[in-house]
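See below for the structure under consideration.
When a residue number appears, it is its place in the shown sequence, counting from 1. Below, all heavy atoms of this structure are taken into account, side chains as well, without hydrogens, waters or symmetry copies. Nothing here was measured: the structure is a model prediction, and the numbers come from that model.
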Amino acid sequence: MSNESDNLNPRQFAVKRVNDKKEKAVNNAIESFKQTIRDAEGLELESYKPDEDEIKFTIGYGRYGVDDGMTITEEEAEEFLDEDVRERLDSIVDLLPQFNSYPNDLQQAIFSEHYRGSIQQSPKTRELINEGNFLEAAEEFLDNKEYEEAEERGIPGIRPRMEKVSELLKKYAK
């Protein structure tokens, strides 16, 4: 029984191997980001509002923008998560072009906050990160209303996620 690789010349075989390794690396990275979001968001199979001020509801692993009364299965939550992570991986690189060069722990923390929406809502922080000014970006990121009012609004869980980004930006400041 022959396989596809048997019919390739050495160059084609080498290119295929490289492409297979790249695909595996991308899939591993996606799974890593998905696990970060699973850990940070938790799983909710019925729509809810994490904050009463929200207009829409959230479901699954933090998928925002659903209607009240929506229910899903775990399998649907995983499908939503996969879609959302892939979409946000594309958009984070648009916002932070050097994102892929950051250390993994910083990537994971920034991605978690991008998933939540705070990176795109903080243009000054993005500007500072893109300039390589991580120290000032760390301070700027926590200097916002959402962070300051999280406890009184009943959503204190966002503070540790935001603080982790700030701490890691400081850690990697030059």
Side-chain angles (χ1 to χ4, degrees), residues 23-97 99-100 102-126 129 134 137-172:
E23 183 177 343
K24 184 177 180 182
V26 167
N27 289 335
N28 287 343
I30 289 169
E31 185 55 40
S32 177
F33 287 116
K34 285 169 39 176
Q35 190 58 51
T36 292
I37 299 307
R38 284 185 198 104
D39 293 344
E41 294 286 341
L43 175 61
E44 294 289 339
L45 300 177
E46 296 180 15
S47 60
Y48 68 99
K49 284 188 177 183
D51 175 5
E52 291 179 14
D53 295 336
E54 295 288 346
I55 295 169
K56 292 281 191 172
F57 289 75
T58 300
I59 201 162
Y61 296 104
R63 175 172 263 203
Y64 178 75
V66 302
D67 294 323
D68 186 16
M70 182 177 183
T71 60
I72 58 174
T73 65
E74 286 186 43
E75 293 79 19
E76 290 170 317
E78 286 294 327
E79 289 172 17
F80 287 161
L81 178 63
D82 189 69
E83 290 171 14
D84 294 343
V85 164
R86 288 174 187 274
E87 177 184 306
R88 285 178 179 87
L89 280 171
D90 286 341
S91 62
I92 191 70
V93 175
D94 291 338
L95 296 172
L96 302 173
F99 177 79
N100 291 328
Y102 302 155
N104 185 59
D105 55 349
L106 181 58
Q107 282 185 14
Q108 295 294 332
I110 287 176
F111 184 79
S112 179
E113 279 305 290
H114 178 56
Y115 190 90
R116 220 179 49 71
S118 63
I119 294 294
Q120 59 268 36
Q121 295 170 4
S122 187
K124 182 67 175 169
T125 300
R126 287 195 321 271
I129 290 171
F134 286 10
E139 294 169 12
E140 173 66 28
F141 187 60
L142 296 183
D143 185 20
N144 76 51
K145 187 176 175 181
E146 183 181 40
Y147 176 77
E148 293 166 0
E149 297 178 356
E151 289 193 37
E152 66 189 55
R153 290 178 56 202
I155 50 172
I158 66 171
R159 289 179 62 95
R161 286 169 77 174
M162 293 181 77
E163 289 164 356
K164 182 161 187 159
V165 170
S166 180
E167 290 167 14
L168 288 169
L169 285 168
K170 289 176 186 175
K171 176 181 175 181
Y172 294 110

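A donor-acceptor distance shorter than 3.5 angstrom exists from the side chain of K49 to the backbone of E54, with no hydrogens or angles considered. Checked by atom type and distance alone, the side chain of Q107 pairs as donor or acceptor with a backbone atom of F99 at under 3.5 Å. Although no hydrogens or angles enter the test, the distance criterion places a donor-acceptor pair under 3.5 Å between the side chain of R159 and the main chain of Y147. At distances below 3.5 Å, at least one donor-acceptor pair connects side-chain atoms of S91 with backbone N or O atoms of R88. Judged purely by atom type and a 3.5 angstrom limit, T36 uses its side chain to pair as donor or acceptor with the backbone of S32.
The pair D90-R86 does not meet the salt-bridge criterion, since no charged nitrogen lies less than 4.0 angstrom from a carboxylate oxygen. Remark: K171 engages D105 in a salt bridge, criterion side-chain N to carboxylate O under 4.0 Å.
Residues that satisfy the side chain to side chain donor-acceptor pair (under 3.5 Å) test with N104, not counting sequence neighbours, are Q108. By the side chain to side chain donor-acceptor pair (under 3.5 Å) test, E41 pairs with R161, sequence neighbours left out. With sequence neighbours excluded, the residues satisfying side chain to side chain donor-acceptor pair (under 3.5 Å) with R38 are E31, Q35, E78. Residues satisfying the side chain to side chain donor-acceptor pair (under 3.5 Å) criterion with S47, sequence neighbours excluded, are absent altogether.
The shortest non-hydrogen separation linking N100 to V93 is ND2-CG2, 4.0 Å. What you find for G60 and A77 is that their closest heavy atoms are CA-CB, 4.1 Å. Here the shortest heavy-atom pairing between S166 and A138 reads OG-O, 3.0 Å. The minimum heavy-atom distance linking A109 with L168 is given by the pair CB-CD1, 3.6 Å. Residues S122 and T125 approach most closely at OG-OG1, 2.6 Å, considering heavy atoms.
More than 12 heavy atoms of other residues, nucleotides or ligands lie within 6.0 Å of NZ in K34, so this atom counts as buried by the packing criterion. The number of heavy-atom neighbours closer than 6.0 Å to CD of E23, taken from other residues, nucleotides and ligands shown, is 12 or below. Within a 6.0 Å sphere centred on CD of E46, other residues, nucleotides and ligands contribute 12 heavy atoms or fewer.
With I129 as the partner, the side chain to side chain contact (heavy atoms under 4.5 Å, CB included) test is satisfied by one option alone out of L106, V165, L169, L95: L169.
Atom CD of E113 sits about 7.5 Å away from atom CD1 of I158, to the nearest 0.5 Å. Going from atom OG1 of T58 over to atom CG of D51 covers 9.5 Å, rounded to the nearest 0.5 Å. Atom OG1 of T71 sits about 12.5 Å away from atom CD of E44, to the nearest 0.5 Å.
Judged as a ring-ring contact (aromatic ring centres under 6.0 Å, His included), the pairs with a partner in residues 103-123 (not counting sequence neighbours) are, in order, F33-F111. Among residue pairs with one or both ends in residues 58-69, those qualifying as salt bridge (charged side-chain N to carboxylate O under 4.0 Å, His left out) are K56-D67, R63-E83, R63-D84; sequence neighbours excluded.
Within the 4.5 Å cutoff, the side chain of L43 has heavy atoms near those of the Y61 side chain. Between R116 and M162 there is a side-chain heavy-atom pair separated by less than 4.5 Å. Between P50 and Y64, the closest side-chain pair of non-hydrogen atoms is not below 4.5 Å.
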